[in-house]
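Just below is one structure, and these are the notes that go with it.
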Amino acid sequence: MSVRVRFAPSPTGFLHIGGARTALFNWLYARHTGGSFVLRIEDTDAARNTREAVEVILNGLRWLGLDWDEGPVNGAPDGPDKGDSGPYFQSRRGDVYRRRVRELKDKGLAYDHEGAVKFRMDRRPVVIPDLVVGEVTRELTDREQADPDFVIVRSDGQPVFHLVNVVDDLEMGITHVIRGEDHLSNTAKHIALFRAFGDEPPLYGHIPLILNPDGTKMSKRDQGASLTTYLDEGYLPEAVRNYLCLLGWSPKDNREILGLKEMIGLFDLPQVLRHNARFDLEKLKWLNAEYVRQLDPGRFQECAVTAFKRAGVELDRCDAGYVRRALETCRGKVREFSELPAYGGFYFTDEVSFDAEAAGSVLIPDNREQLQKLREAFAVTDPFDAATLETVLKQTAAGLGVKPRALVHPCRVACTGAAAGPSLYHLLEVLGQERVLRRLDRALERM
RNA sequence: GACCCUAUCGUCUAGCGGUUAGGACAUCGCCCUUUCACGGCGAAGGCCCGGGUUCGAUUCCCGGUAGGGUCGCCA
């Protein structure tokens, strides 16, 4: 039988990083086994059921490259579906749930209680065979011991999560349920429900949770909990995907950077770790930087232009060749594209803003004479290219009896406003003689 | 409170009875260098505790501790 897995998020207008990893693991398992990845929207809570909220999830999955074989085509609950087991919005499956509740009542396994419908659960422990955790025997808690039955339809007529989740997995022919470990305890209820319908439950794989750096549960409000923030800050989806797959899973051969093909080939459930992992932004940033370095020039430019646009700088107005050469000097220098506008912004403004500390330490009267000499040398430098500029600067330094760095630093701060930046000679070449001289003059004025 | 899961450097992890306990991120040195990065070399840093089992436990078992999860007419 072919593998069928699903990702079943609730549209809250937010895609949790842990949810994204759950989706990734499901997707990887489907691709690894040649099975199907189903996307189902659990929108039984009508109050938060908006198209926009669903779109956030779809966009997040698309961004990560997790395509679904079955599920909604867009965020509209009444929109088109892809696949034969739909509808894939629970808000459209009311008939199915009503029929299944009827079935349970007819079997004497469910009953009305204060306007709601409760499922008759027995008190025996339930054995959960889990592909990740192993065999788990779930005993009843003290409260459940007092009353093991649970609500499957609310008094307002809305079916409850446990019911719809099981019914849909059953109706959609889901073979493997890969989900967060927070559902492990609930699984006893789900297994009981499957049996009540006369079916065997699917195979379960409960994956560990992603925790905050301090070990607490990562909730909606926590820094970095939303996948959207990485999208907005210009992280590369392949880097985020790579980082996520390394949380709770490992290829076992000390490799960290994994392409999609390798990931699919290597991923399997038995190797998934059993303990929770803490989210480490520093490592994500490192991975992102690795991927940025390997980016082809075209895509690098594209991402860079987008980053500037987000920062409110329209590069479209500048000369395309200038933009391309300017951005190219910033390659490999920043870990995230969101850092780029601050890093290379000096290229695109005539009003260089000086970093107070950098300017205060080098744009001082003591350096004025030397910078003036450099300005004079640059005024007659031809061609104005990196190699020539380097030669000229070094000759000027030699003539003054100082080390090149004595000129390099003031020159850099004068032209870029910052102590750190792209290769000096290359950035001077890109800026061009006219801009460089103008900037040196401005710096000299304030010395 | 009850029930369930988990436990290797600060973090992510390799390990599956005998290893100098390996790698990566972060940290700290040194080198490279026009700054910053990158890169190279190196350092520091770990098997939660206590019992067993065994000739021998990081590894297997039990207990404790700690962390996480669940016990909703939320999902």
Side-chain angles (χ1 to χ4, degrees), chain A residues 8-12 19 42-45 47-48 90 113-118 125 128 130 132-134 136-148 150-162 164-165 180-189 206 208-209 211 213-217 243 246-257 273-287 289-290 293 330-335 343 358 362 386 389-390 393-394 397 403-409 411-413 416 418-428:
Chain A
S10 184
T12 59
E42 306 223 336
D43 59 345
T44 53
D45 190 343
R48 358 181 236 193
Q90 290 185 331
H113 177 76
E114 292 176 359
V117 180
K118 291 184 87 172
I128 306 163
D130 192 285
V132 172
V133 185
V136 177
T137 303
R138 168 66 153 75
E139 309 267 352
L140 296 199
T141 66
D142 50 5
R143 271 182 218 187
E144 290 166 334
Q145 203 59 247
D147 176 17
F150 59 92
V151 171
I152 53 175
V153 181
R154 290 191 275 263
S155 51
D156 66 0
Q158 282 299 310
V160 168
F161 164 71
H162 299 299
V164 296
N165 194 263
E181 194 214 82
D182 49 343
H183 287 295
L184 185 54
S185 293
N186 291 152
T187 305
K189 289 186 174 77
H206 287 92
L209 271 20
L211 270 27
D214 66 0
T216 56
K217 183 181 184 178
Y243 178 68
L246 256 20
L247 247 32
W249 177 79
S250 145
K252 312 287 186 199
D253 59 2
N254 283 344
R255 278 190 305 165
E256 308 276 347
I257 297 178
L273 273 299
R274 281 169 282 268
H275 60 267
N276 297 341
R278 300 183 190 204
F279 190 81
D280 183 3
L281 187 60
E282 286 305 314
K283 187 137 184 179
L284 203 207
K285 287 184 178 183
W286 168 74
L287 261 172
E290 290 291 314
R293 263 176 233 118
C330 300
R331 270 198 89 112
K333 298 288 195 169
V334 293
R335 295 199 296 179
Y343 188 85
V362 297
L389 286 161
E390 179 168 1
L393 183 139
K394 285 180 174 169
K403 288 188 184 301
R405 62 171 60 236
L407 295 181
V408 164
H409 209 43
C411 180
R412 169 183 295 286
V413 175
T416 72
S423 163
L424 179 66
Y425 307 120
H426 292 90
L427 79 83
L428 294 176

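The chains referred to below are lettered A, B, ... by the order of the sequence lines, with proteins before strands, and numbering in each begins at 1. Keep in mind it's a predicted model, so treat the numbers as computed, not measured.
- A:Lys118 comes within 4.0 angstrom of nothing in the nucleic acid, heavy atoms only.
- Taking atom P in both B:A43 and B:G22, the straight-line distance is 11 Å, to the nearest Å.
- Put simply, the side chain of A:Trp286 does not reach to within 4.5 Å of the side chain of A:Tyr243, judged on heavy atoms.
- Whole-Å rounding puts the A:Asn186 CG to B:U70 C1' distance at 6 Å.
- Base pairing of B:C47: no nucleotide in any strand meets the Watson-Crick or G-U wobble criterion (both distances under 3.5 Å).
- Residue A:Leu247 holds its CG atom at 12.0 Å from CZ of A:Arg278, rounded to the nearest 0.5 Å.
- Counting heavy-atom neighbours within 6.0 Å of A:Arg255 CZ, excluding the residue itself, gives a total above 12.
- Each of B:C74, B:C25, B:G68 was ranked by its minimum atom distance to the side chain of A:Leu209; first place goes to B:G68.
- Evaluation of the salt bridge (Lys or Arg N to Asp or Glu O under 4.0 Å) rule for A:Lys285 yields A:Glu336 as partners, not counting sequence neighbours.
- Distance check, rounded to the nearest 0.5 Å: CG of A:Leu393 to CG of A:Leu428 gives 8.5 Å.
- Across all strands, A:His162 comes closer than 4.0 Å to base atoms (heavy-atom distances).
- Rounded to whole Å, the distance from CG on A:Leu287 to C1' on B:A24 is 9 Å.
- In this structure, the NZ atom of A:Lys285 is 13 Å from the C1' atom of B:C25, given to the nearest Å.
- Geometrically, A:Lys189 engages A:Phe150 in a cation-pi contact defined by less than 6.0 Å to the ring centre and at most 45° from the axis.
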Check your understanding: Just by protein heavy atoms under 4.0 Å, how would nucleotides 4-14 of chain B read 5' to 3' in B, S and -?
Key -> SSSS---BBSS
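- Rounded to whole Å, the P atom of B:C31 lies 16 Å from the corresponding atom of B:A37.
- Here, B:G23 and B:G18 have their C1' atoms 22 Å apart, quoted to the whole Å.
- As the counterpart of B:U58, no nucleotide is assigned, since no Watson-Crick or G-U wobble pattern has both distances under 3.5 Å.
- A:His183 has its NE2 atom 19 Å from the P atom of B:G68, to the nearest Å.
- B:A14: no Watson-Crick or G-U partner with both key distances under 3.5 Å is found in any strand.
- The shortest distance between side-chain heavy atoms of A:Val136 and A:Thr187 does not fall below 4.5 Å.
- Looking at A:Asp147 and A:Lys118, a side-chain N of the basic residue comes within less than 4.0 Å of a carboxylate O on the acidic one, giving a salt bridge.
- For the pair A:Arg274 (side chain) and A:Val132 (backbone), a donor-acceptor distance under 3.5 Å is present.
- At the phosphate of B:G72, OP1 or OP2 sits under 4.0 Å from a side-chain N or O atom of A:Arg143.
- When both distances must be under 3.5 Å, the Watson-Crick or G-U wobble mate of B:C74 does not exist.
- Spacing of C1' atoms, B:C16 relative to B:C47, comes out at 14 Å, to the nearest Å.
- Within 4.0 Å (heavy atoms only), A:Glu114 reaches at least one base atom of the nucleic acid.
- Under the Watson-Crick and G-U wobble criteria, each requiring two contacts below 3.5 Å, nucleotide B:C32 is left unpaired.
- To the nearest 0.5 Å, the span separating CD1 on A:Ile257 from CD on A:Glu290 amounts to 4.0 Å.
- Distance CG (A:Asp142) to C1' (B:U70): 12 Å, rounded to an integer number of Å.
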Practice item. Check the pair A:Glu256 / A:Leu246 against side chain to side chain contact (heavy atoms under 4.5 Å, CB included), numbers first and verdict last. Key: CA-CA 8 Å; A:Glu256 308 276 347; A:Leu246 256 20; 3.8 Å; yes
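- Across B:G51 and B:G56, the matching P atoms stand 15 Å from one another, rounded to whole Å.
- Comparing the same atom, C1', in B:A14 and in B:G46 gives a spacing of 13 Å after rounding to whole Å.
- Across the strands present, B:A66 finds its partner in B:U6; the criterion is a Watson-Crick or G-U wobble pair with both atom distances under 3.5 angstrom.
- Taking atom C1' on both B:G17 and B:U70, the two are 36 Å apart, rounded to the nearest angstrom.
- The distance between atom NE2 of A:His113 and atom C1' of B:C73, rounded to the nearest whole Å, is 10 Å.
- Protein atom CD of A:Gln158 is 16 Å distant from nucleotide atom C1' of B:G72, rounded to whole Å.
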Exercise for review: Mark up nucleotides 30-45 of chain B, 5' to 3', with B wherever a protein heavy atom is under 4.0 angstrom from a base atom, S wherever such an atom reaches only the sugar-phosphate, and - elsewhere.
Suggested key: ----BBBSSS------
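- Across the P atoms, B:U6 and B:C61 are found 11 Å apart, a figure rounded to whole Å.
- Between A:Thr44 and the phosphate of B:A75, there is a side-chain N or O to OP1/OP2 separation shorter than 4.0 Å.
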